[in-house]
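Below you'll find the structure, written out as structure tokens, and then a few comments.
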Amino acid sequence: MKNKLNEILDKLKLKKKNNKVFYSKVDNFSIGLKEILIISKFINKRQKIFRICLHKNNLQKIHEMIIVHLKSQTIGPLKQKKKFISYHLLKGKLKIELLNKKRSKIFKLDEKNKKHLRIKCDLFRKVISLKPMTIFLEICEGPFKDKDTIWK
């Protein structure tokens, strides 16, 4: 099964950083929902999430990540020392909750209604997948450094 995943990654021009993160090997990269679903079949069944980075490394100025929530889950609260982040739903149902001292604001993204959201990145937020196999594109500015993410 591991060899089959490596074959698929090679064919798609992806390199494996770890079991949850894959990077593009090339500048001009293309992938479709069909290929993403094929990759998901070869991911460890206990794993909840994986991401396909359209950028080649953490140093690039724009980070575009296809994030796959294999199971419904909540990520956060978290925020980054960046300006903006956007979410673009490809499949499933997603809720983004902005947490404020006074009140929270909720944005729901689903396949029928709203699919795209751009918010300030320096506010605490939760990213909640409401259905298994929720797939979305997350775009933010790079470079990425662990210390730029603050977890609550």
Side-chain angles (χ1 to χ4, degrees), residues 1 5 8-9 12 14-24 29-152:
M1 201 135 143
L5 177 60
I8 293 165
L9 296 176
L12 294 172
L14 287 167
K15 62 184 170 189
K16 183 177 176 180
K17 178 180 178 183
N18 57 45
N19 289 333
K20 294 182 182 180
V21 180
F22 308 101
Y23 281 95
S24 169
F29 180 74
S30 176
I31 192 166
L33 189 56
K34 181 180 173 184
E35 290 93 352
I36 296 165
L37 293 172
I38 290 170
I39 291 170
S40 73
K41 289 180 183 180
F42 294 96
I43 297 294
N44 185 318
K45 300 301 176 210
R46 292 179 300 230
Q47 194 168 309
K48 294 182 185 178
I49 188 172
F50 72 91
R51 72 180 56 217
I52 298 168
C53 298
L54 306 183
H55 52 283
K56 290 168 66 176
N57 60 55
N58 285 344
L59 300 175
Q60 296 200 277
K61 290 186 178 184
I62 298 174
H63 285 219
E64 299 164 295
M65 298 152 288
I66 296 170
I67 301 176
V68 181
H69 285 198
L70 298 164
K71 299 172 182 165
S72 299
Q73 60 188 294
T74 299
I75 306 296
L78 75 152
K79 68 179 181 176
Q80 281 98 8
K81 297 176 185 177
K82 312 252 179 203
K83 293 181 182 171
F84 290 94
I85 190 166
S86 65
Y87 298 93
H88 307 275
L89 185 71
L90 302 174
K91 182 179 182 342
K93 198 170 188 179
L94 195 62
K95 179 168 85 170
I96 310 294
E97 186 176 347
L98 292 181
L99 306 171
N100 200 322
K101 289 179 183 174
K102 296 176 185 173
R103 63 185 178 143
S104 58
K105 183 162 185 164
I106 295 173
F107 298 92
K108 289 187 179 180
L109 305 178
D110 64 50
E111 295 176 74
K112 293 179 184 169
N113 296 306
K114 296 181 180 180
K115 294 184 179 186
H116 310 283
L117 173 67
R118 183 174 190 257
I119 57 173
K120 289 182 124 189
C121 207
D122 61 351
L123 300 171
F124 278 107
R125 68 188 176 279
K126 289 182 189 176
V127 178
I128 305 160
S129 52
L130 299 172
K131 291 173 85 174
M133 198 52 75
T134 292
I135 304 171
F136 56 97
L137 176 66
E138 180 181 294
I139 302 172
C140 63
E141 62 187 292
F144 173 77
K145 298 175 191 146
D146 275 331
K147 69 178 182 169
D148 289 339
T149 301
I150 300 151
W151 296 87
K152 196 173 196 182

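Along the sequence shown, residues are numbered consecutively beginning with 1. The analysis underlying the following values was restricted to heavy atoms, covering all of them including side chains, and did not include hydrogens, waters or symmetry mates. Bear in mind the structure is a predicted one, so any value in this text is a computation, not a measurement.
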Audit row: Leu99, Ser104, side chain to side chain contact (heavy atoms under 4.5 Å, CB included) steps and yes/no
CA-CA 5 Å; Leu99 306 171; Ser104 58; 4.0 Å; yes
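- A donor-acceptor distance shorter than 3.5 angstrom exists from the side chain of Ser129 to the backbone of Gln73, with no hydrogens or angles considered.
- To the nearest 0.5 Å, atom CD1 of residue Ile31 and atom CD1 of residue Ile39 are 4.5 Å apart.
- A heavy-atom distance below 4.5 Å is not found between the side chains of Leu37 and Val68.
- Distance check: Leu109 CG to Leu130 CG gives 9.5 Å after rounding to the nearest 0.5 Å.
- Considering Glu64, Met65, Arg118 as possible partners of Ile139, the one that fulfils the side chain to side chain contact (heavy atoms under 4.5 Å, CB included) test is Glu64.
- No side-chain heavy atom of Lys105 sits under 4.5 Å from any side-chain heavy atom of Asn100.
- Between atom CD1 of residue Ile96 and atom NZ of residue Lys126 there is a gap of 12.0 Å, rounded to the nearest 0.5 Å.
- The environment of NZ in Lys131 is sparse: at most 12 heavy-atom neighbours from other residues, nucleotides or ligands sit within 6.0 Å.
- Side-chain N or O atoms of Glu141 include one that pairs as donor or acceptor with a backbone N or O of Lys83 at under 3.5 Å.
- No more than 12 heavy atoms of other residues, nucleotides or ligands lie within 6.0 Å of NZ in Lys20, so this atom counts as exposed by the packing criterion.
- At a threshold of 4.5 Å between non-hydrogen side-chain atoms, the residues Lys17 and Asn58 count as touching.
- In this structure the side chain of Phe50 never reaches within 4.5 angstrom of the side chain of Ile66, judged on heavy atoms.
- Within the 3.5 Å criterion, the main-chain N or O of Asn19 finds a donor-acceptor partner in the side chain of Gln47.
- Ile52 has its side chain out of reach of Leu12: every pair of non-hydrogen atoms, C-beta onward, lies at least 4.5 Å apart.
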Between Thr134 and Leu89, is the side chain to side chain contact (heavy atoms under 4.5 Å, CB included) condition met? List the steps.
CA-CA 8 Å; Thr134 292; Leu89 185 71; 4.0 Å; yes
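- To the nearest 0.5 Å, atom CD1 of residue Ile36 and atom CG of residue Leu90 are 6.0 Å apart.
- Considering all non-hydrogen atoms of both residues, Cys121 and Ile85 come closest at SG-CB, 3.8 Å.
- With rounding to the nearest 0.5 angstrom, the CD1 atom of Ile38 is 6.0 Å from the CD atom of Glu35.
- At a threshold of 4.5 Å between non-hydrogen side-chain atoms, the residues Arg125 and Tyr87 count as touching.
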Side chain to side chain contact (heavy atoms under 4.5 Å, CB included) between Gln80 and Cys140: does it pass, once the steps are laid out?
CA-CA 10 Å; Gln80 281 98 8; Cys140 63; over 6 Å; no
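- In this structure, Ile62 places its CD1 atom where only 12 or fewer heavy-atom neighbours from other residues, nucleotides or ligands lie under 6.0 Å away.
- Between the Glu111 side chain and the Gly92 main chain, a donor and an acceptor come within less than 3.5 Å of each other.
- Atom NZ of residue Lys108 and atom NZ of residue Lys93 lie 6.0 Å apart, to the nearest 0.5 angstrom.
- Annotation: Lys120, atom NZ; neighbour count of heavy atoms from other residues, nucleotides and ligands within 6.0 Å does not exceed 12.
- Residue pairs satisfying the ring-ring contact (aromatic ring centres under 6.0 Å, His included) criterion with at least one member in residues 62-85, sequence neighbours excluded, are listed as follows: His55-His63, His69-Phe136.
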Side chain to side chain contact (heavy atoms under 4.5 Å, CB included) between Lys79 and Phe124, intermediate numbers included:
CA-CA 5 Å; Lys79 68 179 181 176; Phe124 278 107; 3.7 Å; yes
